[in-house]
K.L.:
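The structure that follows is given in the form of structure tokens.
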Amino acid sequence: MEVNFGAVFFTIYALLASCMYDGAAGKSTDKPNIIIMLMDDMGWGDLGIFGHPAKETPNLDKMAAEGILLPDFYTANPLCSPSRAALMTGRLPIRNGFYTTNQHARNGYTPQRIVGGIPDSEELLPELLHEVGYRSKIIGKWHLGQQPQYHPLLHGFDEWFGSPNCHFGPYNNKAQPNIPVYKDAEMVGRYYEDFLINKQTGESNLTQIYIKEALIFIEAQQKANTPFFLYWTPDATHEPVYSSKDFVGTSQRGKYGDAVRELDSGVGVILQKLRELKIDNNTFVLFTSDNGAALYAGVGGGSNGPFLCGKETTYEGGLREPAIAWWPGKINPGGVTHQLGTVMDLFTTALELAGVEPPTDRIIDGKSLLPALLNNKVDPDRVIFYYRGNEMMAVRHGLYKAHYWTWTNSLQERAQGVNFCRGENVTDIMTHEQTNRTLSPLLIHLGRDPGERYPIANHTQEYKTAMKTIQAIVDDHKANMIPGDPQFNWCDSAVMNWSPPGCEKLNKCLKGPASKPYKCTWPH
């Protein structure tokens, strides 16, 4: 009989990981609670613990002091929707369909005109956790499709408070409808109508609502002695940024800083609730962001620290994210791990915590972070793939990163004031046209050169040795790549949020246009 020793090892390790709770809180479940806090457009350099001079994130800094810092943590795409799909599925966006083939290497996402969304064929994290008794809730932005068939309650979540799209607007409800906010399966209002955002002052109470929703959910599951998964996804740091009255005007960093300060406060409130309920020792929490800071927002956006460029690009500033893991009594306080990690690893890590084996009928890109977080074991062979749309732009192995394609954004956009970088111009690395470097990739040593300014000469032995290893990795990756059906190819104004479920109860149903599908255009 042939024995799959890998599967046996995973099962044993997962069972041990899921049973580590020692019952000190007096009320135990054999499975730890899981909280993922995913910020929106927050940069690596926005936290005090990562060196921001304003030092306005005391709760996150404390979380890091009590937990472990992951300075080499990445998202799976430099834009929101694909990175969130990757987290939920443990798979690269090119595999789960969150990309477009309409144009080469273009970032797509899920505005309300998009026809596609998360495919039913994908197995999402809450679906798998549900099988072993977890109750799951998403609070905040979903962004995996606004049509009802793509909503979170049809993909494993038990509860939802938030929105399917970004809080763009206000719209006139004629050319475009205002974005709905949902409580579970039905809308309870719309942005700018019932959930106000003052774009002039930056004031909105949304983050406070999201904090309150989190506390209510946590308390209910603790009372029911039910293991839970909380996916907390507030979007206050995405343009237009917002914060509540008590935080408006309190930051050195303007409206964006006000939003960061309130989110930091929210993290502190949630962690304190876990302590008060005496379930902190049985709750794994990870904080990160969906993509790099939006540098095109100027002083209205965040900081990517020392890294090149930002959101929309595959330079380090576009995909390297702030990340902190916290689990009192399990994770040693004050730690730092240089394990390469991605948001896709949260899928596999959460499943291991719950004692669930990942799906075996498809490639799962995520790897468990538990060896690094709990035992300080680092896998030196971990690889990071940097995708932009349907193109693999770069690869990181160890401290070496090879750029196979380079592109910031077009000169035409730059002339219109859209700049995905900070104003710097690194010759031959930052390019305003899609530049194919496959025959001789640009090689960067991120230890010596985290800002990606000084490529290693391709005639050196260092280049030849590193690229031999990386090229073998790339060849294997591409040979085994089976892309999913692209979800970002078709748009249609008829699928916008005209008449969401529950609109009739609020007298907020709107009449939309007749269906007229067209191919979506993605400028960058």
Side-chain angles (χ1 to χ4, degrees), residues 17 36-37 39 42-52 57 60-76 78 83 86-87 90 284-289 291-293 303-308 314-327 330-350 352 365-386 394-403 443-454 456 462 465-466 469-470 473:
I36 295 175
M37 299 174 166
M39 302 300 105
M42 188 178 285
W44 190 94
D46 279 327
L47 278 57
I49 192 67
F50 281 109
H52 197 285
T57 54
L60 285 164
D61 298 349
K62 182 182 178 183
M63 181 184 180
E66 295 174 349
I68 189 168
L69 206 61
L70 295 85
D72 293 86
F73 193 81
Y74 290 82
T75 186
S83 67
L87 191 162
F284 172 85
V285 185
L286 193 135
F287 173 96
T288 190
S289 180
N291 48 247
S303 167
N304 295 316
F307 303 121
L308 187 63
T314 51
Y315 302 101
E316 287 298 287
L319 282 93
R320 183 112 55 129
E321 306 305 326
I324 303 167
W326 183 90
W327 192 4
K330 307 299 186 297
I331 292 176
N332 291 327
V336 177
T337 176
H338 288 284
Q339 174 64 64
L340 299 188
T342 81
V343 293
M344 296 176 289
D345 298 339
L346 304 185
F347 174 90
T348 314
T349 302
E352 186 166 337
D365 296 292
K367 311 293 183 184
S368 175
L369 293 171
L370 291 184
L373 300 180
L374 302 181
N375 301 312
N376 200 29
K377 293 182 179 178
V378 174
D379 177 4
D381 293 322
R382 190 67 201 279
V383 179
I384 303 296
F385 295 100
Y386 303 67
V395 179
R396 177 177 175 181
H397 178 257
L399 288 169
Y400 289 102
K401 178 180 180 181
H403 287 275
L443 185 65
I444 304 291
H445 188 285
L446 292 172
R448 301 192 299 258
D449 182 21
E452 299 177 278
R453 294 174 176 272
Y454 308 105
I456 299 168
E462 180 182 14
T465 301
T469 299
I470 291 175
I473 291 168

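Computed over heavy atoms, backbone and side chain alike; hydrogens, waters and symmetry mates excluded. Remember, predicted model here, so these are calculated numbers, not experimental data.
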K.L.:
Testing the basics here: between L369 and L346, what is the closest heavy-atom pair and its distance to 0.1 Å?
P.N.:
CD1-CD2, 4.3 Å
K.L.:
Examine distances only and state if a side-chain atom of Q339 and a backbone atom of L70 form a donor-acceptor pair shorter than 3.5 Å.
P.N.:
no
K.L.:
Flag the pair L340 / D379 as yes when at least one side-chain heavy-atom distance between them is below 4.5 Å, and no otherwise.
P.N.:
no
K.L.:
CZ/F287 to OG1/T57 distance, rounded to the nearest 0.5 angstrom?
P.N.:
8.5 Å
K.L.:
Check for a donor-acceptor pair, side chain of T288 on one end and backbone N or O of P322 on the other, with a separation under 3.5 Å.
P.N.:
yes
K.L.:
Test your reading of the model: is there a side-chain donor-acceptor pair from T342 to the backbone of A76, 3.5 Å cut-off?
P.N.:
no
K.L.:
In the structure I gave you, are the side-chain heavy atoms of L69 and F50 within less than 4.5 Å of one another anywhere?
P.N.:
yes
K.L.:
Answer yes or no: is there a side-chain heavy-atom contact under 4.5 Å between N376 and N332?
P.N.:
no
K.L.:
Is the backbone N or O of M42 less than 3.5 Å from a side-chain atom of S289, with the two atoms forming a donor-acceptor pair by type?
P.N.:
yes
K.L.:
Looking at L373, is its backbone amide N or carbonyl O close enough to the side chain of T337 to form a donor-acceptor pair, meaning the two atoms are under 3.5 Å apart?
P.N.:
no
K.L.:
Checking the side chain of W44 only, and the main-chain atoms of F73 only, is there a donor and an acceptor separated by less than 3.5 Å?
P.N.:
no
K.L.:
Counting N and O atoms only, with roles assigned by atom type, does the side chain of N304 sit under 3.5 Å from a partner on the main chain of A293, one being a donor and the other an acceptor?
P.N.:
yes
K.L.:
Might you point out which heavy atoms bring L308 and E452 nearest each other, and give the distance in Å?
P.N.:
CB-OE1, 3.8 Å
K.L.:
Atom CZ in F347, atom CD1 in I36: separation rounded to 0.5 Å?
P.N.:
10.5 Å
K.L.:
Under a 4.5 Å cut-off applied to non-hydrogen side-chain atoms, are V383 and V395 in contact?
P.N.:
yes
K.L.:
Tell me every residue that passes salt bridge (charged side-chain N to carboxylate O under 4.0 Å, His left out) with D72, counting only those two or more places apart in sequence or in another chain.
P.N.:
R320, R396
K.L.:
To check you understand the geometry: which heavy-atom pair defines the closest contact between S368 and T348, and what is its length?
P.N.:
N-CG2, 3.8 Å
K.L.:
Identify the two heavy atoms, one from G447 and one from L399, that lie closest to each other, and give their separation to 0.1 Å.
P.N.:
N-CD2, 4.0 Å
K.L.:
Who are the side chain to side chain donor-acceptor pair (under 3.5 Å) partners of E66, not counting sequence neighbours?
P.N.:
R275, W326
K.L.:
May I have the step-by-step check of side-chain contact (heavy atoms from CB on, under 4.5 Å) for R382 and D345, ending in yes or no?
P.N.:
CA-CA 11 Å; R382 190 67 201 279; D345 298 339; 2.7 Å; yes
K.L.:
Hey, can you tell me if W327 and F284 have their rings parallel, tilted or perpendicular (30° and 60° cut-offs)?
P.N.:
perpendicular
K.L.:
I'd like to check the side chain to side chain contact (heavy atoms under 4.5 Å, CB included) partners of A350; sequence neighbours left out, ordered by chain and number.
P.N.:
I34, L125
K.L.:
Is K401 atom NZ crowded by more than 12 heavy atoms from other residues, nucleotides or ligands, each under 6.0 Å away?
P.N.:
yes
K.L.:
Can you name the nearest heavy-atom pair linking L443 to I470, along with the distance?
P.N.:
CD1-CD1, 4.0 Å
K.L.:
If you measure from CE on M63 to CG on D61, what distance do you get to the nearest 0.5 Å?
P.N.:
11.5 Å
K.L.:
Does H445 have any ring-ring contact (aromatic ring centres under 6.0 Å, His included) partners at least two apart in sequence or in another chain, and if so, which?
P.N.:
Y400
K.L.:
With S303, which residues qualify under side chain to side chain contact (heavy atoms under 4.5 Å, CB included), at least two apart?
P.N.:
D46, H52, R253
K.L.:
According to side chain to side chain contact (heavy atoms under 4.5 Å, CB included), who are the partners of T469, at least two apart in sequence or on a separate chain?
P.N.:
H397, I473
K.L.:
Looking at every heavy atom in both A325 and L286, which two are closest together, and how far apart are they?
P.N.:
CB-CD1, 4.1 Å
K.L.:
Taking C-beta and beyond as the side chain, do I384 and Y386 meet within less than 4.5 Å on heavy atoms?
P.N.:
yes
K.L.:
Considering only heavy atoms from C-beta outward, does the side chain of E316 approach that of L446 to under 4.5 Å?
P.N.:
yes
K.L.:
As an exercise, state the distance from OH of Y74 to CG of L319, rounded to the nearest 0.5 Å.
P.N.:
8.5 Å
K.L.:
Determine whether I331 and L374 make a side-chain contact, defined as any pair of heavy atoms from C-beta on separated by less than 4.5 Å.
P.N.:
yes
